[in-house]
Every structure is written in C-alpha cells, then in structure tokens.
**Student:** 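First, the structure itself, so that you have it in front of you.
If you're wondering where the values come from, they're calculated on a predicted model, not measured in any experiment. Numbering of ligands and ligand atoms starts at 1, following listing order. Start at 1 with the first residue, then count along the sequence.
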Amino acid sequence: MHHFDYREGELYCEEVPIETIAREVGTPFYCYSHATLTRHFHAFDAAFVEVDHLTCFSVKSCSNIAILHLFASLGAGMDIVSGGELHRALQAGVEPEKIVFSGVGKTEEEIVYALEKGILMFNLESPQEMLAVNECATRLGCRAPIAIRVNPDVDPKTHPYISTGLKQNKFGIDLEVSEEMYARAGKMSNLEIMGVGCHIGSQLTEVSPFLDTLRRLKLLIERLRKLNIQIRYLDLGGGLGITYSEEAPPHPSEYARVLLDEIDGLDCRLIFEPGRVIVGNAGILVTRVLYTKDGPVKNFLVVDAGMNDLARPSLYGSYHHIQPVVDQKRSEFQADVVGPICETTDFLARDRNLPRVEQGELLAVMSAGAYGFVMSSNYTSRPRPPEILVQGDRFEVIRARETYDDLLRGERLPDFLN
Ligand code: LLP
C-alpha cells in the first residue's frame, strides 16, 4: 500500500499533485510520501511488538537525513556500512546505542569513529577485521561490542548480484568456523561479545530462506551458550522484498509470524535491518519525456532521467513500473524508455507496453524509494536530482538539485598547469 494515487486522472502523492511539484522544482526529481514511510515502518516494527526487538533501518537503501530523522522519531535504530552513513545517522538524531555497523571492509578510521560514538555493535566479517577492532578498542581504552556476521550458506533465491548468504559470497564468516572465531573473540580483552548477525540477501520473496537461516543460527547460539559464550542479540539482517511487478512477497506480519514461531524461547533481543520493504514503494522518480523517437525496429521515449539518476534497471535489469502522470484514454505502444546518457545500458525500461505518451509529458517511475537516489551518480556531469518529501498537502525539498558548481566542488587546477 502506498499513497501515490490518481485523482480525476492526475497522479498525486498524498494530497499533492505531482504536476505541482514538477512545476516548482523541475524534473527529474525523487518524491517520497511521509504517510507511506510511516505506515511501512509501523507495519514492520509492529509485526514484532510481542518480542524485545530493535528495527534498525538500513541507511544504504535511502539515506536522506530527513528520512532517517523520521524513522528515528518512530523509534528506529540504524544499520550502517560506512563512516559516512554513521555521520548521516548521527546528524539525523539517531541514538548511537541503536546503531549496528556491518560491512566487509571497515577501515581503521571508521572503526575508531564508531567506537568513539558508542554504537550498539560491530557485525564482524573477517578474523582480520576482528583483530583491527580489538586493536582500535585497546588504543582507545574501551571494549568494542561485537557480533559475528555468520554466512549460513542459504540460497536467498534472489538476483545473484544481491545475494549475500552463500558460501561463494564475500560476506560473513562461514558457519562452521564461526564457533572458533567466537572462542577467539572471547579471549580478546577489548572485545565484548554481544550477539550473532546475518544478512542473506535482498529482495527475498519467500520466507523459507529466512527460516532456514534462523534454524542454523539457533543451533549455533545453543552451541555457543554451551561454551559459556553469552549471546544477547540476534541480528537477522534485512532482505524482505517488495512488489515491483508481479512478485508476491510475504507481508511483514507473515514474515514475523514464521520467524517468531521458530524463535520462541531463544531469549535474545532481536535486531532487524530492513531497507527496501520500508522505503521501496514510498518513493518515485518523476521524469519528463524530452523526445519521442520512432526507430525502424523500436520506439524510444527519451526522458530527462538516466542511469545516473536510477541505476537499478541498467545494473540489475530491474523492473520499475512506469506510468504517465496524467492518466487518460489512449492507445498503447511498445517502447524503450531511455535516458540522455551515451550508453546503450542507459534505460529505465525495455520493450515496455505503455500508453502512447507525448513529448513534454511527465512519467512516474514507481517503487524507486529504495536504492534509487542513493545509487545516483554524476556520470556525464549530470547534477543529481532533488529529493522531495510530501506530507499531506505540503511538500518540501529535502535535498536540493545539484548545480553545475556542485559538480566541480573540490576540483582545482594544479600549480604546474597554471
Ligand atoms: N543489512 C545488510 C548488512 C545489507 O547489506 C543490506 C542490503 C540490508 C541490511 C538491507 O537489505 P534490504 O532490506 O533493503 O533488502 N542495490 C541493490 C540492493 C543491495 C542490497 C545491499 N544490502 C538493489 O538495488 O536491489
């Protein structure tokens, strides 16, 4: 459920016509619905209300500080994977003790930053990283709270590029050797073992891989407890999918029911790291048709948003529904929706059946709230688009459109060229 609907043939975000925003801020732009963000966060968080848990929103999926602030005000913690994300979360008012830090390549600088701020825990992904965290904590004279991110070798049945919990993936520690790593961690005086973590992949549309993972981690926790290693937190990661087109992922309540049945009696505080399921359908990308171009074998809609603005179609072949902002009776045709960039992979849709839209019209690229703006770039020196947040009948720019001067920030001519 989201709050992008047609009223008398015109697309609205909550109470605001998309056309009104386009007139004010120009195109392309990202537009998020406050009511949808709030609703999706509650739907997820409330599904686990009966157990002690912390919903750590995955910052990487949509990292604007206004949105992080909104979730923090709803009680969220954050899942971060870089110093930059930590900075964002703190700027947004997130309490450090609600932040978990994952990622295979944390630098010393990032580790120190997170230790100084007092985050909830580091999800460790390699023995060398464990040593690095212990060293940093020793230097700072503190104990670093840690979990080990276990790789359970479960097939998440998702796009291979976003699968993370298989043996061949770079993520986490092999389940079999994790026990030994916990034993080593237990002997390091500047580490404090907090829990067990995992994240098996993204855009999962079935519960069974989550359940398989949970079963494996439960056994691990039991074995660790027998070794007198206390496990207080179980971080089950993110990954719950959304509907982009025909997928029918489980509702968070269904996901929760299955997991909670299995978790019964485990005596751990649960952590979740959802991203996409909360923001994916709460944001759209609005773009204008620059030209319609009927080629000899294909029709093209050349729009003013490109792969630099929304990378998912060109990177993963992802499907995003595209619809005209003005809905009226017209014939259909098939077209590629392409951006202005000089690459054949610069498309938002291929061979798509669409209403025959015209030059100058606005299109809404749906389900663009997750991994949309955050993956945008300045390729071909295109300023990145603004982000707009709508609440009821008002809207505000929460990130300004970049200017040509923004593109050059930090660049300079070296003395030897002057
Ligand atoms: N936790 C960890 C450690 C992660 O690596 C991720 C996502 C999440 C949580 C959140 O997963 P979610 O609930 O959003 O599925 N760019 C790709 C998705 C990459 C996901 C990376 N990790 C895409 O556009 O589909």
**Student:** Taking only Lys NZ, Arg NE, NH1 and NH2, and the carboxylate oxygens of Asp or Glu, determine whether Arg401 and Asp406 approach each other closer than 4.0 Å.
**Tutor:** no
**Student:** Arg149 heavy atoms, cut-off 4.0 Å: which ligand 1 atoms fall inside?
**Tutor:** 3 (C)
**Student:** Take Gln203 and Tyr244 through the test side chain to side chain donor-acceptor pair (under 3.5 Å) and record every step on the way to the result.
**Tutor:** CA-CA 10 Å; Gln203 183 53 13; Tyr244 285 101; 4.9 Å; no
**Student:** Please set out all donor-acceptor pairs under 3.5 angstrom arising from side-chain atoms of residues 258-266, sequence neighbours excluded.
**Tutor:**
residue	atom	partner	partner atom	Å
Glu262	OE1	Arg215	NE	3.4
Glu262	OE2	Lys218	NZ	3.4

**Student:** Regarding Asn308 and Ser377, do their side chains bring together a donor and an acceptor under 3.5 Å, going by distance alone?
**Tutor:** no
**Student:** When you compare ligand 1 with Gly239, is there at least one nitrogen or oxygen pair between them that comes in under 3.5 angstrom?
**Tutor:** yes
**Student:** Ignoring angles and geometry beyond distance, decide whether Tyr371 reaches within less than 3.5 Å of ligand 1 through its nitrogen or oxygen atoms.
**Tutor:** yes
**Student:** Taking distance alone, with N or O pairs closer than 3.5 Å, would you say Tyr316 contacts ligand 1?
**Tutor:** yes
**Student:** Salt bridge or not for Arg257 and Glu254, using N-O below 4.0 Å?
**Tutor:** yes
**Student:** Could you tell me, atom by atom, which parts of ligand 1 come under 4.0 Å of a heavy atom of Gly275?
**Tutor:** 12 (P), 13 (O), 14 (O)
**Student:** Between the candidates Glu125, Lys60, Met375, which shows the shortest non-hydrogen contact distance to atom 4 (C) of ligand 1?
**Tutor:** Lys60
**Student:** Can a cation-pi geometry be assigned to Lys106 and Phe122, taking NZ or CZ under 6.0 Å from the six-membered ring centre and within 45° of the ring axis?
**Tutor:** no
**Student:** Please identify which atoms of ligand 1 are closer than 4.0 Å to at least one heavy atom of Ser58.
**Tutor:** 8 (C), 9 (C), 10 (C)
**Student:** I need the Asp336 CG to Lys293 NZ distance, nearest 0.5 Å.
**Tutor:** 11.5 Å
**Student:** With heavy atoms of Gly238 as the reference, note each atom of ligand 1 found under 4.0 Å away.
**Tutor:** 9 (C), 13 (O)
**Student:** So which of Glu273, Arg312, His199, Arg276 gets nearest to atom 5 (O) of ligand 1, if we judge by its closest heavy atom?
**Tutor:** His199
**Student:** Please work out whether any backbone atom (N, CA, C, O) or any side-chain heavy atom from C-beta onward of Pro274 is under 4.0 Å from ligand 1, and answer side chain, backbone, both or neither.
**Tutor:** backbone
**Student:** Which of the atoms in ligand 1, numbered in the order shown and given with their element, are less than 4.0 Å from a heavy-atom of Ser202?
**Tutor:** 11 (O), 12 (P), 14 (O), 15 (O), 20 (C)
**Student:** Check whether any side-chain N or O of Asp304 sits under 3.5 Å from a backbone N or O of Arg288 as a donor-acceptor pair, and report yes or no.
**Tutor:** yes
**Student:** Val277 near ligand 1, heavy-atom distance under 4.0 Å?
**Tutor:** no
